[in-house]
Structures are given as C-alpha cells and as structure tokens.
Amino acid sequence: MDSIIVRGNGPLKGQIPIAGAKNACLTLMPATLLSEEPLTLTNAPRLSDIKTMSQLLGSLGAEVTSLQDGKVLAMSSHDINNHVADYDIVRKMRASNLVLGPMLARLGHAVVSLPGGCAIGARPMDLHIFGLEKLGAEIELKDGYLHAKAPNGLKGAVIELSFASVGATENILMAATLAKGTTVIKNAAREPEIVDLATCLRAMGAQIEGDGTSDITVQGVDRLHGATHPVVTDRIELGTFMLAPAFCGGEVELLGGRMDLVESFVAKLHEAGIDVEETDKGLKVARKNGRVKAVDVTTEPFPGFPTDLQAQFMAMMCTAEGTSVLEEKIFENRFMHAPELVRMGANIEVHGGTATVHGVETLKGAPVMATDLRASVSLILAGLAAEGETVVSRVYHLDRGYERVEEKLSNVGAHIERVSE
Ligand code: EPZ
C-alpha cells in the first residue's frame, strides 16, 4: 500500500488545474445504459472510482474505451447481455447503485447488490427504491440484492423525496427519461452534478426542466440517442485545493475553478480571512495574513456547505484563532479524521454529529491513517501546515477521488512525495 509523506511547508505559489467532477462522472457513465448509441464523456477525471465504474459497466456488456490518457471515455451499451450488478464490484463503490434506474428503464429488469455500509455511514437506498416504485417498478430485496422489474415499462409519477438525496434524484431522473408520461421529482437534490447529468440527458434527447431547483419535471420519450458531453469541474477538488494556501500561506490559482460551484464554501473562507478572487483562468486564493479565524460550519445539501469539504475545513480550523463548531448533518459518521488530527496535536472534541475545534498555534507532523476519501486529503493538508514530517498511510482512499495529489501540490511548492511500501 502506498503512503504519502508531507513536510511542513513555506508559502505555496503557482497554479493547480482542477479535473472533471468524480461525482458527476459516476452518474454520467451509467447514463450510457439508457441508449443503444454511443455516449462519449470528455474532461473525465483519472481516478480509481472511474475505473471501477468502467469495470461494472463492462460486466453488464457495455464497452468503455478510455482515450487521451483517461480524459475521454467513449462508451457504448448497444449489447447489454447481463443485468446483474455484482456485490464484488458494488461493495467497493456505492455509486455502482446508479446503474439501477437506467437498467430498469432500458431493459425492464435489473439485479443490483445493495452497496452495504461504508466508513461514513449505513447509506441505505430506501429513497431510491421509493422513487423507482412510484414509477411502477416492483423491487424486492433478496440475498442482499435488489431484484427490480418493470414488466410493463415505467410510468411517469409525482415523487416527493423526504430528503434531497443526490443518488436517489439521479437514479429516478435517469429512469424517468424513458418512462411513459410526466414525472415530477419534488425536493430533488440541487447539486451541480444533477444539473450536469440533466444537461447530458438533454443532449441525448431527454426532456427535462427544473434541474438545479427542488422541482424537476421530466417528459418521458421513447428512446435516447448518443451524445458527447464534457464533465463539469469538480467543486470538491476545487474547494480542497483552495484551502492549501490557507494552511501554509502563499497564493494559488485554481485553473478551471468556477465561483458558482463553491459559493457557500467561499463565504466561509471569507469569514476565516481568506481572499478569493475570480480570474480569467479560474479562482485565485491567498491567505491575507497570519492565522485564519475560527468559523462555525453546518453541512447541508447544495447550495449549503458541502459535507465533502467538512473534513478539509476541520483540518484548517485546527490552527485557527479561536474555537470552531462543525455540525455534520448529512452523514452519521464523518468525523474519523478528527482522532488522526488529534495525533498531530489538534484539540478537537466530538459529540455525535458535532465537532468542537479549539485552535492551537501549530500542528506537529506524525504518522496518521486515511480512513475515507475526504479524510485522507484533510490529513495531507494538515501535514502542509505541521512542523516536521507527516506520513499518511492507506492512500488508496485518496486515489479514489483525487488525481495525482502529490504532483499537483508539489507543482506549487509543497514538500510531498508518494512512497510505495
Ligand atoms: C453523493 O452520495 C456523493 N457521492 C457523496 O460524495 C456526497 O457526500 C453525497 O452525495 C452528499 O452530497 C456521489 O455522488 C458518488 P445522498 P449519495 O443520497 O448519493 C441518506 C464523496 O466523498 N440516504 O445525498 O450516496 C444517506 O445515508 C462522496 O465524493 C438515505 O437515508 O448521497 C446520507 O446520510 C461521499 N436513503 C444522506 O442521505 C437513501 O435512499 C445523503 O445521501 C439515500 C440516502
């Protein structure tokens, strides 16, 4: 297993290119199942999760060809010859459950393993099932697999989600494109990745309105055609690297960064005393002077503060001036980075979904362990600010969601290297 060694750093300077969004690509890829014609994605991120999704689609009979060093994914699901999404693949990545809606809509049946829990929570699929059943699917849980069928095809319906679930919105939206009649998804997720999916589906001939708001309306069509679609910029990678200069000073320009993707996050950076300005290439971030200020944060569905940036923000609050209270409202167990940061000298108290961070002057480098994707990168950022050397182990978590972190950070002056054990 690889580890990453980070040494405390002086100010960072330079540019970091931001890749296409993992969480957009993971829902855009299953959309290929909705049409017999080819779907090509450009600006795709080069991540292990994308490889896992390619493997899953391949197991169903789709063809996924990676071009231009992985930045282009040419897909075709003309010959789907298997409708079972196997536990071995699904357990590795929850987003595998996003083949359920498209397979049901295209084939009329699907067998998809329940993903099982993961480090950050139980992550049930009740809302996915609720929505697809409203569209007329019959879904039964047997031996850990969801057995879904829609013998008479899917029929449009009004679906009110009790929680604005991203994955449930995506599964229902994809299925509704081929359902007979009109579907309205109420309390739909509003994330930019939903808008990106709807944009791609419209390019394939789907009739969708209201994406990006809480009410999405879909007029079902008989079939979808092929398309080429650019994956939207990754707002979580963007937010993560915007924090780098906050940890060790300096000024960094995030190429391809878009302010509209990170507005609530930027508002909190301003409160903490960090300058963000728009340039013609993206976003430029600089720490004005000295220590950042402590800021309270509550994670919410978009457009609120993203749960996927909570760990990174907590790491920054460890050396802030004052005390910060972070409330994690989306997942039930997303503070596993806290004890690792405490090993580096942070002063953090966790009670249920609330973490209180008392800022300390400096962190001390230490051997720490990555526990999940976003926690792993928060430990690397903390290592940038710490005195001495930090060794982050189990970085396979990191490679799921970040393209060559050590390369991007060392290009702006960070002392960081990957070692294989
Ligand atoms: C997506 O997960 C993202 N993953 C997550 O990013 C992100 O944290 C999350 O949305 C919230 O923004 C992908 O897009 C691949 P949800 P998803 O359905 O769709 C509960 C990362 O680090 N829930 O909005 O699984 C669920 O347990 C990952 O890139 C139900 O109870 O998120 C959770 O507590 C981590 N029943 C909450 O809702 C359901 O049927 C949010 O889940 C579905 C969800």
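Ligands are counted one by one from 1 in listed order, and the atoms in each one are counted from 1 as well. Nothing fancy with the numbering, it's 1 onward along the sequence. Keep in mind that this is a model prediction, so the values were computed, not measured.
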For [atom], what is the closest protein heavy atom, and at what distance to 0.1 Å?
atom	value
atom 8 (O) of ligand 1	D308 OD1, 2.6 Å
atom 17 (P) of ligand 1	R123 NH2, 3.8 Å
atom 18 (O) of ligand 1	S165 OG, 2.7 Å
atom 34 (O) of ligand 1	I330 O, 2.6 Å
atom 3 (C) of ligand 1	N23 ND2, 3.6 Å
atom 25 (O) of ligand 1	R94 NE, 2.7 Å
atom 36 (N) of ligand 1	D126 OD1, 2.7 Å
atom 22 (O) of ligand 1	R374 NE, 2.9 Å

Find all atoms of ligand 1 within a distance of less than 4.0 Å from any non-hydrogen atom belonging to [X], and give their numbers and elements.
X	result
R334	8 (O), 22 (O), 35 (C)
K22	21 (C), 29 (O)
L127	36 (N), 39 (C), 40 (O)
A95	15 (C)
G167	18 (O), 19 (O)

Quick one: do the [X] and [Y] side chains pair a donor with an acceptor below 3.5 Å?
X	Y	result
D2	S420	yes
T217	E209	no
E63	S76	no
T279	E253	yes
E349	T356	no
D372	H337	no

Test side-chain hydrogen bond (donor to acceptor under 3.5 Å, both in side chains) applied to H229 and N43, D196, T42, the passing residue: D196
From R394, R418, K22, residue fulfilling salt bridge (Lys or Arg N to Asp or Glu O under 4.0 Å) relative to D399: R418
Ligand 1 contacted by P124 (non-hydrogen, < 4.0 Å): yes
Within-shell test, E300 vs ligand 1, heavy atom, strictly < 4.0 Å: no
Classify the contact between [X] and ligand 1 as side chain, backbone, both or neither, using a heavy-atom distance cut-off of under 4.0 Å.
X	answer
F302	neither
T307	side chain
L373	side chain

Main-chain N/O of G156 paired with K180 side-chain donor or acceptor, under 3.5 Å: no
Parallel, tilted or perpendicular, as decided by the 30° and 60° cut-offs, for the rings of F265 and F305: tilted
Heavy-atom nearest option to atom 32 (O) of ligand 1, drawn from F130, F163, F331: F331
Straight-line distance of S35 OG to L201 CG, nearest 0.5 Å: 11.0 Å
Close side-chain approach of K186 and L161, heavy atoms under 4.5 Å: no
